[in-house]
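We count residues from 1, following the sequence as given. The structure presented is a predicted model; accordingly, all values stated were derived computationally and were not measured.
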Amino acid sequence: MNSAPVLVLLVLNAALLVACNFFLDKGNQNEDSLFPSVLFFCSGMPALIYQVVWQRALFAIYGANAQSVAVVVTAFMLGLGIGSLIGGRLSARFPRKGILIFGLAEIGVAVFGLASLRIFHWAATYTAGANLGSVILFSLLLLLIPTILMGATLPLLVEHLVLRTNRVGFSVSMLYFVNTFGSAVACYLSATFLLRDFGQSGSVTLAACLNAVVGASAYAYARRKGAQSIPVERNMEPLQEGGSTPMSLTAAMFLAGLSGFIALGFEIAWFRVFALASSDRAPAFALLLSTYLAGIAVGSLLSERLTIRSSVEQVIQTIGVLLVLAGALSVYLPPLVATLMAHGIAFLISAPAFFAVAALAGAVLPLLCSAAISPDEQAGRRVSFVYVSNILGSAVGSLGIGFGLMQYVGLLPIALGLGCAAVVAGSAVLIFGKRTTGRPPVWAFGLIVLAFVAVPASRGLYHLLFERLIFGTRAEARVRFVHIVENRNGVIGVLPDGAVFGGGVYDGYFNIDPINDKNIVVRAYALNAFCPSPKRILVIGLATGSWAQIFANQPQLESLDAVEINPGYLQLIPQYPMVRSFLENPKVHVYVDDGRRWLVAHPEARYDAIITNNSFNWRDHSTGLLSTEYFQLARRHLNSGGVYYFNSTESDETIATALRVFPHGLRVINFAALSDSPIVIDRVRWMSLLRLYEIDGKAVFAPGNPAAEKVLSAYMTLAESVNSPPRFFGMESNDSLRRRVEGRHIITDDNMGQEWRSGFEIPWH
């Protein structure tokens with residue numbers, strides 16, 4: 001994944017920072033403003049590293065389903081909001097101690113960061129099997145302390161800077177810029193090497209060390225400056241007569257919340273686009289977030305600089321224009337990525353366009369503070385009110401859209417709705433933003449009309465959007481999916497030939513026919529060859545339901561539990577006759593949940609066979625079903641002599657990891673069977689059971705059918721291949737497997753396997 005376009009944007013941000021502070025605005029460049037800005041830049045880096053790592057650590061504990069995402073997002077937002085209010089209160093009570101309290105908060109975050117992964121692992125053991133409500137409460141409590149400390153820092157430093165510059169807009173925009181820019185840099189480093197080379201524990205340790213350095217530096221600086229008087233500049237920001245601000249604090253809080261809602265809605269919609277275009281790679285989200293945060297940062301910086309000599313009326317008009325432009329342009333970004341993909345151009349080339357729209361949204365917050373807050377000893381507290389409103393709006397946008405609305409509404413209406421919301425908000429500011437009466441200028445009406453035309457006009461560009469994002473230049477990009485299911489878990493598309501793509505990645509075919517075996521179902525029918533009596537079966541991951549249908553009809557079955565994270569597949573299965581009866585089978589029980597979370601929550605469940613037809617090992621969150629920790633969990637759920645059977649996706653690393661946990665193994669093409677007992681292939685038993693196979697009352701291997709007999713003969717050859725030199729379309733014994741994969745990289749929850757690596761080709765099928 002070529003990350004160069006994102007790196008260019010970060011370099012541009014750094015250049016703009018230098019230009020603005022050392023050439024365009026020299027008056028405020030002294031130690032009292034530069035040093036806190038440097039500290040806040042460094043403070044922004046560990047915050048995003050923590051967010052990425054803590055999310056993944058909690059997902060490994062509680063599952064990577066939509067509920068877990070909602071819990072983590074809510075915890076972060078709630079903590080930041082509470083912290084902002086506390087920081088604002090402290091800044092008002094101790095206006096000259098802001099940087100000292102900031103340093104102590106950073107040290108507190110460092111202490112928690114160093115112990116965080118151990119705390120999460122303890123929590124996993126303590127809450128194993130607990131109900132969802134208890135898990136949510138416990139997760140919130142785990143994350144509240146560090147996020148409150150993080151959220152308190154902005155108001156504290158704003159107060160420190162305002163008392164030295166008398167410029168609220170400058171203080172907020174500068175601090176917001178450097179902190180957000182630091183987070184953007186951290187996202188880029190995480191995507192390109194940090195998580196790949198240092199893993200979760202190493203990344204968190206580096207972040208905690210950076211927090212400690214920032215905290216110690218801030219503490220030393222505060223102690224050195226403590227006895228000195230505060231120099232106050234006299235370049236006051238313009239206020240109306242009587243000391244009142246041109247915009248009420250209530251109006252600023254409302255607009256900050258609304259802009260936060262819209263901005264987070266943009267991020268959610270854009271992430272769906274990037275996930276599909278990248279084949280659901282983990283670095284894609286980090287690079288999108290880096291682009292998004294870099295844009296937010298530069299918008300906050302430039303908006304204050306470009307309006308520094310503007311009247312307050314012009315500042316308010318600027319807020320309206322920014323929102324209108326952001327809404328009108330945002331709806332064209334998903335089709336832009338799809339068009340690039342259709343022409344064979346890397347999707348990250350579109351990063352500058354996302355950067356620009358994010359900059360428009362990011363410019364709003366400091367301008368609102370400039371228009372609504374006086375530069376006095378209450379500035380930090382008032383900024384905290386505006387900031388927490390922005391955070392709450394962001395939380396509502398993340399949860400309301402990502403968790404709620406996306407379950408029922410697709411990408412197109414969400415993109416159009418967000419675009420319209422931004423245009424309406426900006427139009428309201430342009431029309432009603434002045435306290436004095438009077439019509440807005442003609443150009444404002446013209447801009448509003450153009451925006452309201454531009455948003456619905458983009459609708460036609462969404463034709464074959466998902467097909468182009470997923471298939472790029474392939475012929476399939478010009479063929480409409482016969483079925484598309486969109487929900488908060490992702491996008492599922494089905495091609496006319498029955499091939500299914502979930503989240504932009506191949507997920508199998510609707511097919512159970514061993515004679516027309518386009519999805520290698522021999523691997524499913526092979527279970528009886530080495531599993532003597534699979535009476536109780538657990539299937540993790542349904543997708544098309546084809547494999548689960550085969551297992552549900554195997555002659556020895558008594559009960560089958562199936563766990564599927566995306567309920568969208570349950571909407572598709574009834575539409576295909578070959579698998580429709582699976583959901584009506586009395587032996588079958590289907591659960592919508594993350595497979596790993598389900599196993600943790602049901603420690604008493606035991607099975608003769610656990611089958612996981614998992615996705616590619618390089619896919620985002622794939623480690624959750626491929627790490628040593630997961631294999632140990634699955635092993636505890638097997639009966640004596642039971643078999644764990646999973647898709648290695650042609651990765652020797654996954655097989656080596658499984659063999660580290662299980663003493664016995666067998667490869668069946670690209671699947672691997674593991675057990676605590678020796679795995680023995682019984683060809684006679686297998687053939688006899690295959691001849692008994694019936695699905696929907698029809699024999700799978702009909703007696704007297706030449707094609708069926710040919711398939712059974714091929715199956716016999718497959719079983720005999722275990723005694724031959726290893727080949728892909730064959731079976732491989734435990735001893736041969738161990739010799740071949742010896743020394744391979746072992747996948748753990750901490751190192752995350754292939755998820756953050758690059759340098760390999762991603763197959764489309």
Chemist: Quick check: does any side chain N or O of Q575 sit under 3.5 Å from a backbone N or O of Q571, one acting as donor and the other as acceptor?
Modeler: yes

Chemist: Between F481 and F471, what is the ring plane arrangement, given parallel below 30°, perpendicular above 60°, and tilted in between?
Modeler: tilted

Chemist: Is the closest side-chain heavy-atom distance between F501 and F466 below 4.5 Å?
Modeler: no

Chemist: Of the non-hydrogen atoms in A338 and L465, which two are nearest, and what is the gap between them?
Modeler: CB-CD1, 3.5 Å

Chemist: Applying side chain to side chain contact (heavy atoms under 4.5 Å, CB included) to V204 and Y50, what does each step give before you reach the verdict?
Modeler: CA-CA 6 Å; V204 164; Y50 288 139; 4.1 Å; yes

Chemist: Within this structure, what is the CD1-CG distance for the pair I492 and D507, rounded to the nearest 0.5 Å?
Modeler: 7.5 Å

Chemist: Between the side chain of R196 and the main-chain N/O of T192, is any donor-acceptor distance below 3.5 Å?
Modeler: yes

Chemist: Using 4.0 Å as the upper bound for N to carboxylate O, is an ion pair formed by R468 and E476?
Modeler: no

Chemist: Just checking, is any N or O donor in the side chain of Y569 or T544 under 3.5 Å from an acceptor N or O on the other one?
Modeler: no

Chemist: Please answer whether the main-chain N or O of G503 pairs with a side-chain N or O of D280 as donor and acceptor at a distance below 3.5 Å.
Modeler: no

Chemist: Look at the side chain of R757 and the backbone N and O of G753, then say whether any donor-acceptor pair between them is shorter than 3.5 Å.
Modeler: yes

Chemist: Side-chain contact test, heavy atoms from C-beta onward, threshold under 4.5 Å: evaluate it for P567 versus Q407 and give yes or no.
Modeler: yes

Chemist: Please confirm whether the backbone N or O of T291 pairs with a side-chain atom of Y188, one donor and one acceptor, at under 3.5 Å?
Modeler: no

Chemist: Evaluate the criterion side chain to side chain contact (heavy atoms under 4.5 Å, CB included) for residue pair F355 and V298; output intermediate values, then yes/no.
Modeler: CA-CA 9 Å; F355 173 87; V298 79; 3.4 Å; yes

Chemist: Report yes or no: does S183 contribute a side-chain atom to a donor-acceptor pair with the main-chain N or O of G44 at less than 3.5 Å?
Modeler: yes

Chemist: Would F354 and F274 count as a close aromatic pair, with their ring centres under 6.0 Å?
Modeler: yes

Chemist: Using residues 340-348 as the side-chain source, report each donor-acceptor pair under 3.5 Å to any protein atom, sequence neighbours left out, with the distance given to one decimal.
Modeler:
from: H343; atom 1: ND1; to: T339; atom 2: O; distance (Å): 2.8

Chemist: Return yes if a side-chain donor-acceptor contact under 3.5 Å exists between N614 and N647, otherwise no.
Modeler: no

Chemist: Could you tell me which residues satisfy side-chain hydrogen bond (donor to acceptor under 3.5 Å, both in side chains) with S615, sequence neighbours excluded, listed by chain and number?
Modeler: R619

Chemist: Does L144 have more than 12 heavy atoms from other residues, nucleotides or ligands lying within 6.0 Å of its CG?
Modeler: yes

Chemist: Looking only at non-hydrogen atoms, find the nearest pair between R459 and L412 and report the distance.
Modeler: NH1-CD2, 3.2 Å

Chemist: Would you say the side chains of N511 and S546 form a donor-acceptor pair under 3.5 Å?
Modeler: no

Chemist: Set out, in order, the CA-CA distance, both residues' side-chain angles and the distance that settles side chain to side chain contact (heavy atoms under 4.5 Å, CB included) for Y509 and V500, then state yes or no.
Modeler: CA-CA 6 Å; Y509 275 93; V500 178; over 6 Å; no

Chemist: Nearest 0.5 angstrom please: I540 CD1 to D561 CG, how far?
Modeler: 10.5 Å

Chemist: Treating E755 as the side-chain partner and H621 as the backbone partner, does any N or O pair qualify as donor plus acceptor under 3.5 Å?
Modeler: yes

Chemist: Within this structure, what is the CD-CD1 distance for the pair E267 and I262, rounded to the nearest 0.5 Å?
Modeler: 14.5 Å

Chemist: Do any N or O atoms from the side chain of R281 and from the backbone of W618 form a donor-acceptor pair under 3.5 angstrom?
Modeler: yes

Chemist: Would you say F646 and I611 make side-chain contact, with heavy atoms under 4.5 Å?
Modeler: no

Chemist: Within 45° of the axis and under 6.0 Å from the centre of the six-membered ring of F403, does NZ or CZ of R488 qualify?
Modeler: yes

Chemist: Would you say CZ of R580 has more than 12 non-hydrogen atoms from neighbouring residues, nucleotides or ligands within 6.0 angstrom?
Modeler: yes

Chemist: Looking at side-chain heavy atoms only, is the closest gap between V331 and Y462 below 4.5 Å?
Modeler: yes

Chemist: Nearest heavy-atom pair of G397 and I268: which atoms, and what distance?
Modeler: O-CD1, 3.5 Å

Chemist: Do you know the tightest heavy-atom contact between P5 and I349?
Modeler: CG-CD1, 4.0 Å

Chemist: Quick one: CG on D594 to CD1 on I565, what's the gap to the nearest 0.5 Å?
Modeler: 4.5 Å

Chemist: Any side-chain heavy-atom pair from W598 and V592 closer than 4.5 angstrom?
Modeler: no

Chemist: Any side-chain heavy atom of S394 sitting closer than 4.5 Å to one from F261?
Modeler: no

Chemist: Mind running side chain to side chain donor-acceptor pair (under 3.5 Å) on N617 and S622 for me, showing each step along the way?
Modeler: CA-CA 6 Å; N617 63 303; S622 61; over 6 Å; no

Chemist: Determine the minimum heavy-atom distance between T147 and G79, stating which atoms define it.
Modeler: OG1-CA, 3.1 Å

Chemist: Nearest 0.5 Å, what's the CD1-CG distance between I401 and L264?
Modeler: 8.0 Å

Chemist: Please check: side-chain N/O of S627 versus main-chain N/O of Y630, any donor-acceptor pairing under 3.5 Å?
Modeler: yes

Chemist: Is a side-chain donor or acceptor of N519 paired with a backbone partner of G508 at a separation under 3.5 angstrom?
Modeler: no

Chemist: Where is the tightest heavy-atom contact between V53 and S203, given as atom of each residue plus distance?
Modeler: CG2-CB, 4.2 Å

Chemist: Please examine the side chains of S330 and L418, heavy atoms only from C-beta on, and report whether any two atoms are closer than 4.5 Å.
Modeler: no

Chemist: When the ring centroid of Y576 is compared with that of F582, is the distance short of 6.0 Å?
Modeler: no

Chemist: State which residues pass side-chain hydrogen bond (donor to acceptor under 3.5 Å, both in side chains) with N566; sequence neighbours excluded, sorted by chain then number.
Modeler: N487

Chemist: Determine whether L416 and P456 make a side-chain contact, defined as any pair of heavy atoms from C-beta on separated by less than 4.5 Å.
Modeler: no

Chemist: Between CG of L288 and CZ of F271, what distance do you get to the nearest 0.5 Å?
Modeler: 8.0 Å

Chemist: Test V321 against L325 for side chain to side chain contact (heavy atoms under 4.5 Å, CB included), laying out the working first.
Modeler: CA-CA 6 Å; V321 170; L325 289 176; 3.8 Å; yes

Chemist: For atom OH of Y332, decide whether the heavy atoms of other residues, nucleotides or ligands shown that lie under 6.0 angstrom number more than 12.
Modeler: yes

